[in-house]
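Index from 1, following the sequence.
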Amino acid sequence: MLVGMTTNATNAEGPQVRPRRRAPAGAAVLREDVTEAIRAAVFEELATVGYARMSIEGIARRAGVGKTAVYRRWRSKLHLVLDIVSVIAVQGLPAPETGSLEGDLRMLYEVTSRALRHPVASQIIPDLQAEAARNPDIAEALQKALKEGQEGVALKIVAAAQERGEIRAGFNEELALDLISGPLYWRSVVIRSPKLPKGYLGALARATAEAIKTL
């Protein structure tokens with residue numbers, strides 16, 4: 001009997017022989033290190049040339065791989081960027097646990113501020129926002145990433161504050177989330193202030209905490 005062939009016959013010399021299964025010819029495992037290198041290259045390409053000028057060729061060259069390696073994972077640069085944005089949404093930000101609403105907000109603002117003011121993020125987010133105005137798929141993915149990443153943490157912060165009795169029952173949760181996320185995003189991403197005033201984050205955390213307690 002040849003290896004790789006099957007038979008239903010049973011003879012007197014012993015039980016039916018079943019061949020060992022082989023992996024399908026041409027099957028390949030996508031290496032995670034290559035995938036991560038491509039994702040890193042996408043961030044760098046977006047920050048350097050922007051979405052409109054970004055190309056699969058440029059991504060592959062920056063990642064040190066062939067174009068085939070990129071196309072085996074994503075059909076186009078749009079799908080690649082959508083995947084990157086979705087990954088960001090899933091990862092989110094760590095939820096602080098300082099023991100107070102103001103302390104949690106202060107820590108959240110410090111982490112968020114560093115992330116938003118990073119040279120790569122400060123270039124990518126405005127560029128994707130511009131593309132979102134022209135591409136509904138990018139708009140949906142970007143909104144999902146920014147909203148879920150920030151709101152997931154903000155919800156945990158207000159829930160913990162409510163459990164501690166810092167926030168009354170029945171407070172306006174939607175307005176609280178807007179108060180938490182809006183001011184820093186406005187200053188860092190929309191008007192792109194080059195430097196935050198001294199003590200700004202502490203003052204913002206204090207004012208936001210007091211405002212939420214009145215809702």
Side-chain angles (χ1 to χ4, degrees), residues 21-96 107-154 156 181 184-196 201:
R21 290 185 178 181
R22 291 178 173 178
V29 177
L30 298 180
R31 289 172 48 188
E32 187 61 28
D33 59 330
V34 173
T35 302
E36 290 306 313
I38 295 172
R39 284 182 171 141
V42 172
F43 279 111
E44 295 174 5
E45 281 289 289
L46 282 171
T48 303
V49 303
Y51 177 82
R53 295 175 56 196
M54 186 178 75
S55 66
I56 295 297
E57 290 80 1
I59 293 170
R61 184 167 53 251
R62 191 180 291 273
V65 300
K67 289 191 299 182
T68 303
V70 181
Y71 281 118
R72 283 171 58 196
R73 292 162 171 81
W74 299 278
R75 298 200 304 267
S76 66
K77 74 172 185 178
L78 172 60
H79 290 89
L80 178 48
V81 170
L82 293 179
D83 175 64
I84 295 294
V85 173
S86 298
V87 168
I88 296 174
V90 172
Q91 291 176 345
L93 296 169
M107 184 172 291
L108 173 64
Y109 290 151
E110 288 178 352
V111 173
T112 304
S113 177
R114 286 197 297 269
L116 291 176
R117 295 165 71 83
H118 188 281
V120 175
S122 65
Q123 293 293 327
I124 290 176
I125 294 177
D127 183 62
L128 288 181
Q129 285 179 319
E131 282 299 323
R134 298 183 287 269
N135 190 315
D137 291 329
I138 291 181
E140 181 180 356
L142 187 61
Q143 182 184 37
K144 180 182 177 67
L146 294 175
K147 184 176 180 180
E148 291 188 1
Q150 185 76 11
E151 283 195 357
V153 178
K156 292 179 181 178
S181 305
L184 185 58
Y185 181 81
W186 168 264
R187 181 175 282 272
S188 299
V189 177
V190 180
I191 66 175
R192 304 181 73 179
S193 177
K195 186 177 182 181
L196 295 176
L201 295 180

Greater than 12 external heavy atoms within 6.0 Å of Glu57's CD: yes

Close side-chain approach of Leu78 to Tyr51, heavy-atom, < 4.5 Å: yes

Donor-acceptor under 3.5 Å (Arg39 side chain, Thr35 main chain): no

Flag, side chain of Lys67 to backbone of Ile59, donor-acceptor distance under 3.5 Å: no

Which heavy atom of [X] sits nearest to which heavy atom of [Y], and what is that distance?
| X | Y | result |
| --- | --- | --- |
| Leu184 | Ser113 | CD2-N, 3.9 Å |
| Ala63 | Ala37 | CB-O, 3.7 Å |
| Ser76 | His79 | OG-ND1, 2.8 Å |

Single hit among Val81, Leu80, Ile56 for side-chain contact (heavy atoms from CB on, under 4.5 Å) with Trp74: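 So the option named by the test is Leu80.
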
[atom1] of [X] to [atom2] of [Y]: how many Å apart, nearest 0.5 Å?
| X | Y | atom1 | atom2 | result |
| --- | --- | --- | --- | --- |
| Leu108 | Lys156 | CG | NZ | 12.0 Å |
| Thr48 | Arg53 | OG1 | CZ | 9.5 Å |
| Leu46 | Lys77 | CG | NZ | 9.0 Å |

